[in-house]
Visitor: 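The structure under discussion is supplied below as structure tokens; questions concerning it will follow.
In what follows, chains carry the letters A, B, and so on, assigned in the order in which the sequence lines appear, proteins first and then strands, with residues in each chain numbered from 1. Since this is a predicted model, take the numbers as computed values, not measurements.
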2 protein chains.
Amino acid sequence: MMDLYETFITVVESSSLSEASRKLHTSQPNVTLRIQKLEKDLDIVLFDREGKKLILNPSGSKLYEQAKN
Amino acid sequence: MMDLYETFITVVESSSLSEASRKLHTSQPNVTLRIQKLEKDLDIVLFDREGKKLILNPSGSKLYEQAKN
DNA sequence: TTGTTTTACGCGGTGCGTAATGATC
DNA sequence: GATCATTACGCACCGCGTAAAACAA
């Protein structure tokens, strides 16, 4: 499968899932599913959903610091 | 998928696919399929089939030397 | 209405076990 | 016949894309 961490990093560094999906050359739904899968695999919520915005929460921020290296 | 190299090493170190399948806690057909897949992935024949015996050939031997570490 | 995220659905690929077949002893 | 390897078959799982739905601006 496509690497979930790469997807996560790309999402964090994008302004939307749409933009991330373009960078990752995949569909928007897939990005949603990958993030959901990552959260489920780790059993950690990484983003808070506020409206249509995904806001990285402290857990997500911590993971991002680790994952980007 | 189960690691193909682990399967390969186990087969090499066993006297038969049956024995290997027992060590690997899987079925005989699966071991056959994994070896076939490894050979196909690498595009290298690893064993010569003589009767019901699988005999490691030079290519297989070389791979085994690399893989066992 | 437009742009976004999410869910629903179906498809193709993959690895598995069981069963059947083939082949050797 | 017994024992082994291989092939056939069906099943479950997974990741995908498209389509539909849900939701916010």
Visitor: What does A:Thr32 touch in the nucleic acid at a heavy-atom separation under 4.0 angstrom: a base, only the sugar-phosphate, or nothing?
Guide: base
Visitor: Quick check on B:Lys62: does its NZ atom have over 12 non-hydrogen neighbours (other residues, nucleotides or ligands) under 6.0 Å away?
Guide: no
Visitor: Can you find a pair of side-chain heavy atoms, one from B:Leu46 and one from B:Leu63, that are under 4.5 Å apart?
Guide: yes
Visitor: Grab the CG-P distance between B:Leu38 and C:dT14 for me, whole Å please.
Guide: 15 Å
Visitor: Among the candidates D:dC16, D:dT7, D:dT18, find the nucleotide nearest to the side-chain atoms of A:Ser27.
Guide: D:dT18
Visitor: Taking the side chain as C-beta and beyond, is there a heavy-atom pair between B:Ile35 and B:Glu39 under 4.5 Å?
Guide: yes
Visitor: Would you kindly give the CD-to-P distance between B:Glu50 and D:dC4, to the nearest whole Å?
Guide: 18 Å
Visitor: In this structure, how many angstroms lie between the P atom of D:dA24 and the CG atom of A:Leu17, rounded?
Guide: 16 Å
Visitor: Whole Å only: how far is the NZ atom of B:Lys53 from the C1' atom of D:dT6?
Guide: 16 Å
Visitor: Would you mind telling me which of D:dT6, C:dT5, C:dT7 lies closest to the side-chain atoms of A:Leu33?
Guide: C:dT7
Visitor: To the nearest Å, give me how far apart CG (B:Asp48) and P (C:dA23) are.
Guide: 18 Å
Visitor: Taking OP1 and OP2 of C:dC16, is either one under 4.0 Å from a side-chain nitrogen or oxygen of B:Arg34?
Guide: yes
Visitor: Compare side-chain N and O positions of A:Gln28 against OP1 and OP2 of C:dG3 and report whether any pair is under 4.0 Å apart.
Guide: no
Visitor: Any side-chain heavy atom of B:Thr26 sitting closer than 4.5 Å to one from B:Arg34?
Guide: yes
Visitor: Between A:Leu54 (CG) and D:dA24 (P), how many Å, whole number?
Guide: 13 Å
Visitor: Choose from D:dT7, D:dC4, C:dT6 the nucleotide whose nearest atom is closest to any side-chain atom of B:Pro29.
Guide: D:dT7
Visitor: Only one of A:Leu38, A:Leu42, A:Ile9 forms a side-chain contact (heavy atoms from CB on, under 4.5 Å) with A:Leu4, so which one is it?
Guide: A:Leu38
Visitor: Consider the side chain of A:Lys37, meaning its heavy atoms from C-beta on, and name the nucleotide among D:dG15, C:dT6, D:dT7 that approaches it most closely.
Guide: D:dG15
Visitor: Distance check needed: D:dG15 C1' versus A:Asp3 CG, whole Å only.
Guide: 14 Å
Visitor: Nearest heavy atom decides the nucleotide; on that basis, is A:Gly51 or A:His25 closer to the 5' end of DNA chain D?
Guide: A:His25
Visitor: Please confirm whether any donor atom in the side chain of A:Lys52 sits under 3.5 Å from an acceptor in the base of C:dT4, or the reverse.
Guide: no
Visitor: Which listed nucleotide (D:dA5, D:dC16, D:dT6) is nearest to the side chain of A:Thr26?
Guide: D:dC16
Visitor: Can a side chain N or O of A:Arg49 be found less than 4.0 Å away from OP1 or OP2 on C:dT4?
Guide: no
Visitor: Expressed as a whole number of angstroms, how long is the span from B:Glu19:CD to D:dA5:P?
Guide: 10 Å
